[in-house]
Amino acid sequence: MKYDFASIEQKWQKKWEEQGIFHAQDKSDKKKFYALVEFPYPSGAGMHVGHIKAYSGLEVISRKRRMQGYNVLFPIGFDAFGLPAENYAIKNGVHPRVTTDRNIKHFTEQLKRAGFSFDWSRVIDTTDENYYHWTQWIFLKMFENDLVFRDKALVNYCPSCKVVLSNEDSQGGKCDICHSDIIQKEKDVWYLRITRYADKLLKGLDEVDYLPNIRQQQENWIGKSTGAFVNFALDGIEDKLRIYTTRPDTLFGVTFMVIAPEHPILSKYADRIRNRAELEAYQQQCQKKTEFERTQLVKDKTGVRVEGICAIHPLTGEKIPVFAADYVMMGYGTGAIMAVPAHDQRDYDFAKVYGLEIREVISGGDISAEAYTGDGPMVNSDFLNGISTKKEAISRMIGKLEQMGIGEEGVQFKMKDWAFNRQRYWGEPIPIVHCPHCGIVPVPYDQLPLKLPEVKEFEPGEGGESPLAKIESFVRCKCPRCGGNARRETDTMPQWAGSSWYFIRYVDPHCKTGIADYDKMKYWLPVDWYNGGMEHVTRHMIYSRFWHKFLYDIGEVPCPEPYAKRTAQGLILGANGVKMSKSLGNVVDPNDVIDQYGADTLRTYVLFMGDYASAAPWSEDSVKGCKRFLERVADLPGIVRGTGSTPKLESSFHKTIKKVSEDIEEMKFNTAIAAMMKLINEIFEVGQLTRDELSIFVRLLCPVAPHLCEEIWAGMGEKGLCSAAAWPEYDPAKTVDREVEIAVQINGKLRGTIKLPMDCEKDEALRLAHADERIAAQLEGKTIVKEIVVPNKIINLVVR
RNA sequence: GCCGGUGUGUCGGAAUGGCAGACGAGAUAGACUCAAAAUCUAUUAUCCGCAAGGGUGUGUGGGUUCAAGUCCCACCACCGGCACCA
């Protein structure tokens with residue numbers, strides 16, 4: 001058969017669409033399977049081969065599931081709010097709505113060209129008011145449940161994008177979007193109290209099946225630590241200095257205290273401080289440093305003694321000096337620590353710079369050289385002396401502190417509350433009104449969606465105000481509570497908002513009465529299998545798990561975790577082995593590949609190129625290899641002879657069905673395809689196959705290369721679609737050969753192979769091994785010490 | 001620094017403790033062709049040998065085992081996450 005992929009692919013894409021065979025049924029007796037891929041941001045550049053790989057994994061699994069009789073939901077949509085469309089608007093004056101619609105259209109065409117079996121009747125666009133209506137609704141629900149608060153804060157600010165960024169978007173001190181240096185700026189910030197869900201987010205990981213590295217990244221992100229809070233009395237001051245420590249056992253080793261330069265006691269008791277000028281100068285110096293400089297450039301410790309404030313050791317009554325130093329952060333723990341230089345390297349370094357006492361309380365190290373963080377018998381520690389396990393010392397110390405009422409066990413998380421506003425136009429407006437009388441007032445539910453107004457100018461205002469602030473007709477409003485004149489919030493939500501709940505909307509994308517119909521959610525949720533990039537494992541996934549858990553707590557969704565299983569695909573690198581990027585000119589456009597080789601070849605290649613979860617470089621030559629394979633498949637109908645099974649191929653077919661079925665489940669697509677390549681090599685060696693065997697072959701290959709398989713299927717005179725045919729079954733008994741070739745080793749070295757009947761008796765196997773000429777020659781004059789026979793595997797003769 | 005992962009031909013990569021290198025690519029030779037491409041056939045880890053055959057080989061060094069790419073210990077390199085986190 002001539003393999004005219006272009007016309008074949010067009011033809012079958014049309015038929016699939018006409019027959020609507022990929023539409024999920026909301027009511028069905030079949031078992032459900034909900035497969036989710038990360039919906040794309042529809043960028044102007046169009047799709048990337050990385051998208052093709054990202055979607056092909058669950059595409060194959062979804063197609064296989066349908067053939068296995070499942071009711072499959074495999075949806076797609078567009079995460080279309082975001083900065084690029086807005087930046088494009090600023091530059092070219094084209095409204096983001098226009099570019100977004102254009103890009104979505106382009107992406108849709110490309111996705112369809114690849115032949116993905118998405119349910120196109122459920123497409124979501126986060127910028128559609130019928131969608132962001134419910135994004136705003138969830139925000140209001142959070143507001144109602146005290147998960148939203150407003151605070152002035154030093155925020156990460158990108159002077160180039162003129163926008164406030166979350167810690168997540170400004171990792172490494174660089175803006176995630178434009179890579180400019182971040183500066184610190186005081187701003188009003190809307191926060192979501194995600195920290196309230198820290199423990200739930202951590203515990204929930206026990207209920208789900210995420211790849212181990214994915215789970216670990218989430219755990220690191222949440223960053224739970226257990227320790228104790230201790231309240232230190234301050235000399236002559238009523239207030240206590242509360243600290244957090246993971247090493248309460250070292251309390252007797254405290255020789256000074258350190259507080260963050262922004263710690264409130266510094267301003268509260270400013271009049272007691274004798275070196276105010278020095279301290280203020282230091283505070284200013286620290287404020288100038290960005291978070292990046294403070295945390296990433298770990299070098300010399302700096303700090304200033306707070307003269308006039310002195311702590312008192314809760315157990316010894318000793319007076320302890322207090323320092324302000326920027327190696328202690330206001331944002332973690334209580335912003336104050338007890339310093340134990342003998343057993344903490346940072347405190348040790350600081351003590352060395354300021355000539356402070358280093359008091360050993362755990363023996364076993366050499367504290368003249370460095371801090372000792374290991375275990376050892378305790379010394380200089382009163383009631384703890386002699387105890388040599390950290391665990392016991394900690395629990396005794398906490399017991400003592402609790403008994404004295406000056407401390408307790410506690411936990412801390414690295415995760416911070418989520419800065420949720422952006423000074424941008426192209427996002428969901430935050431549905432809040434600022435009233436001079438009533439303060440902050442939520443927009444009533446019946447006024448949702450709060451639509452984005454039409455705007456001509458997209459430039460952010462000076463000082464990073466949202467472009468919405470310039471639209472008087474939007475800003476001016478009546479207070480929903482008192483009816484007086486009020487002003488709308490002009491900030492919008494971050495891009496993470498829309499993607500935090502989209503998987504729920506797919507269940508019922510046109511629902512007018514809520515996020516989705518509860519019964520439909522009960523049927524479809526949770527997502528059975530979610531695949532996406534490693535880069536979304538912490539931010540997007542933590543955020544969406546948080547939203548989902550909140551919705552569960554208020555009874556809006558039926559299950560506590562949104563995703564039952566999560567996997568991630570590896571990147572496709574450029575042919576030169578580095579990340580694809582426009583500037584390097586190594587980007588591969590899927591359109592070009594489809595034009596030249598066809599969608600089936602592209603799909604086959606991205607799955608065959610290597611381990612699905614690992615990064616692998618693009619190779620045009622290997623693409624051609626996949627094309628050759630499909631051409632050989634297209635030639636199979638020409639060598640069909642008869643029906644039933646070909647004796648020489650029978651067990652190979654059963655083995656291949658088993659291998660492909662199992663490998664697909666484990667996302668080992670590369671070996672599944674290799675198994676089919678191996679089988680086709682055998683078929684051409686034999687020179688023929690039966691009609692029934694061809695039927696098996698095309699059904700096995702259909703999830704990977706569906707267009708070609710439909711064409712062959714139709715050519716065989718089958719009535720229905722191959723995509724709707726039954727997945728082939730295998731007979732386990734027929735996957736085993738009657739005869740096996742096994743290795744014969746002498747002293748562990750391969751010395752020959754012999755053919756044996758399957759499950760051959762040990763004695764018979766040994767007899768045949770000894771009968772082999774080569775083996776016999778090797779055994780000449782040797783004494784056999786031991787004979788090992790592993791049935792159907794190997795014989796090892798140990799000789800002397 | 002802490003935590004995870006990976007290390008196999010020329011390349012992408014296969015191998016429930018049991019014949020290392022499946023499958024694909026590339027290369028070499030041959031067939032077809034005026035020629036090239038495509039296609040087909042054969043060879044393709046490495047060293048010694050004319051050959052039969054033998055030695056060595058999965059980052060490095062040890063160990064367990066009849067048998068180790070696979071298990072254990074130590075180390076090296078690379079990738080990823082977290083990080084003055086108290």
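Just so you know, these numbers come straight off a predicted model, no measurement behind them. Labels below follow one simple rule: chain letters A, B, ... track the order of the sequence lines, proteins then strands, and each chain is numbered from 1.
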Undergrad: Judged by atom type as modelled, is there a donor-acceptor pair below 3.5 Å linking the side chain of A:Tyr354 to the main-chain atoms of A:Gly303?
TA: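 Such a contact is found between A:Tyr354 side chain and A:Gly303 backbone.
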Undergrad: Give a yes or no on this: more than 12 heavy atoms of other residues, nucleotides or ligands lie within 6.0 Å of atom NZ of A:Lys655.
TA: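 Atom NZ in A:Lys655 is packed in, count exceeds 12.
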Undergrad: Report the relative orientation of the aromatic rings in A:Tyr612 and A:Phe669; use parallel for angles under 30°, tilted for 30 to 60°, perpendicular for over 60°.
TA: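 Ring orientation, 0 to 90° scale: perpendicular.
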Undergrad: Take the protein atom CD1 of A:Ile222 and the nucleotide atom P of B:G81, then report the distance between them rounded to whole Å.
TA: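 In whole Å, B:G81 P lies 17 Å from A:Ile222 CD1.
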Undergrad: Does any donor-acceptor pair link the side chain of A:Lys414 with the base of B:C82 at a separation under 3.5 Å?
TA: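 No, the side chain and the base share no sub-3.5 Å donor-acceptor pair.
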Undergrad: In whole angstroms, how far is the P atom of B:C3 from the CG atom of A:Leu205?
TA: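 Taking atom P of B:C3 as the reference, CG of A:Leu205 is at 20 Å.
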Undergrad: Starting from P on B:C85, measure out to CG on A:Asp326 and report it in whole angstrom.
TA: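 The answer, rounded to whole Å, is 13 Å.
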Undergrad: Please list, in numerical order, the residues of residues 209-217 of chain A that have a heavy atom closer than 4.0 Å to any atom of RNA chain B.
TA: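 Heavy-atom cutoff 4.0 Å gives A:Gln216, A:Gln217.
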Undergrad: Report the residues that fulfil side-chain contact (heavy atoms from CB on, under 4.5 Å) with A:Tyr244, sequence neighbours left out, ordered by chain and then residue number.
TA: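 A:Tyr244 satisfies side-chain contact (heavy atoms from CB on, under 4.5 Å) with A:Ser225, A:Phe229, A:Thr246, A:Tyr332, A:Gln412 only.
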Undergrad: If we ignore angles and hydrogens, is there a donor and acceptor under 3.5 Å between the side chains of A:Gln345 and A:Asp349?
TA: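 The answer is yes; a qualifying pair exists.
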Undergrad: From CD of A:Gln218 over to P of B:C3, roughly how many Å is that when rounded to an integer?
TA: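 A:Gln218 atom CD is separated from B:C3 atom P by 20 Å.
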Undergrad: Using the P atom in both, what is the distance from B:C66 to B:G4, to the nearest Å?
TA: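 Taking atom P in both B:C66 and B:G4, they lie 32 Å apart.
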Undergrad: Does A:Lys224 reach a base, just sugar-phosphate, or nothing at all? Heavy atoms under 4.0 Å.
TA: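 Answer is nothing: A:Lys224 stays at 4.0 Å or more from every strand.
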Undergrad: Taking only Lys NZ, Arg NE, NH1 and NH2, and the carboxylate oxygens of Asp or Glu, determine whether A:Lys624 and A:Glu620 approach each other closer than 4.0 Å.
TA: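 Salt bridge: no.
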Undergrad: Tell me, please, which residues at least two apart from A:Lys390 pass salt bridge (Lys or Arg N to Asp or Glu O under 4.0 Å).
TA: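 A:Lys390: no salt bridge (Lys or Arg N to Asp or Glu O under 4.0 Å) contacts found.
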Undergrad: When you measure from the side-chain N and O atoms of A:Ser225 to the phosphate of B:A86, is any distance below 4.0 Å, counting only OP1 and OP2?
TA: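 Yes, within the criterion.
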Undergrad: According to side-chain contact (heavy atoms from CB on, under 4.5 Å), who are the partners of A:Ile794, at least two apart in sequence or on a separate chain?
TA: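 Partners of A:Ile794 under the side-chain contact (heavy atoms from CB on, under 4.5 Å) test: A:Ala743, A:Gln745, A:Val790.
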Undergrad: Respond yes when some side-chain nitrogen or oxygen of A:Tyr244 is under 4.0 Å from OP1 or OP2 of B:A86, and no when none is.
TA: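 So the side-chain polar atoms of A:Tyr244 never come under 4.0 Å of the phosphate oxygens OP1 or OP2 of B:A86.
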Undergrad: Roughly how far apart, to the nearest Å, are B:U46 and B:U58 at atom C1'?
TA: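 After rounding to an integer number of Å, I get 13 Å for this pair.
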Undergrad: Sticking with atom C1', work out how far B:A77 lies from B:G26, rounded to a whole angstrom.
TA: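 These two C1' atoms come out 27 Å apart once rounded.
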Undergrad: Using a 6.0 Å distance limit plus a 45 degree cone around the ring axis, check whether A:Arg215 lies over the aromatic ring of A:Tyr210.
TA: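 Judged by the rule (NZ or CZ under 6.0 Å from the ring centre, within 45° of its axis), A:Arg215 is not positioned above A:Tyr210.
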Undergrad: Which whole-number value in Å describes the distance from A:Asn747 CG to B:U65 P?
TA: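 So the two atoms are 16 Å apart, to the nearest Å.
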Undergrad: Donor-acceptor pair, A:His343 side chain versus A:Val361 backbone, under 3.5 Å?
TA: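 Side chain of A:His343 to backbone of A:Val361, a donor-acceptor pair under 3.5 Å: yes, one is there.
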Undergrad: Calculate the interatomic distance between A:Asp349 atom CG and B:A86 atom P; express it in whole Å.
TA: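 In whole Å, B:A86 P and A:Asp349 CG are 16 Å from each other.
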Undergrad: What's the CE-C1' distance between A:Met330 and B:A86, to the nearest Å?
TA: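 So the CE-C1' distance, A:Met330 to B:A86, works out to 13 Å.
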Undergrad: With syn defined as a glycosidic angle within 90° of 0 and anti as the rest, where does B:G9 land?
TA: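 This nucleotide is in syn.
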Undergrad: Is the A:Phe350-A:Phe256 ring centre distance short of 6.0 angstrom?
TA: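 Ring centroids of A:Phe350 and A:Phe256 are less than 6.0 Å from each other.
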Undergrad: Is RNA chain B part of any stem, that is, at least 3 consecutive Watson-Crick or G-U pairs with both distances under 3.5 Å, and where?
TA: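 Stems for RNA chain B, defined as runs of 3 or more consecutive pairs: B:1-7 with B:76-82, B:10-12 with B:23-25, B:26-31 with B:39-44, B:45-48 with B:53-56, B:59-63 with B:71-75.
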Undergrad: Between atom CD1 in A:Ile775 and atom P in B:G53, what is the gap in whole Å?
TA: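 Spelled out: CD1 on A:Ile775 to P on B:G53 is 12 Å.
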Undergrad: Quantified in whole Å, what is the C1' atom distance between nucleotide B:C23 and nucleotide B:G13?
TA: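 The answer is 9 Å between these two C1' atoms.
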Undergrad: Tell me whether A:Arg359 contacts the main-chain N or O of A:Gly253 through its side chain, where contact means a donor paired with an acceptor under 3.5 Å.
TA: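 Not confirmed, A:Arg359 side chain does not pair with A:Gly253 backbone.
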Undergrad: What one-letter contact string describes nucleotides 10-25 of chain B from 5' to 3', where B marks a base within less than 4.0 Å of any protein heavy atom, S marks contact via sugar-phosphate atoms alone, and - marks no contact?
TA: --BSSSB-BB--BBSS
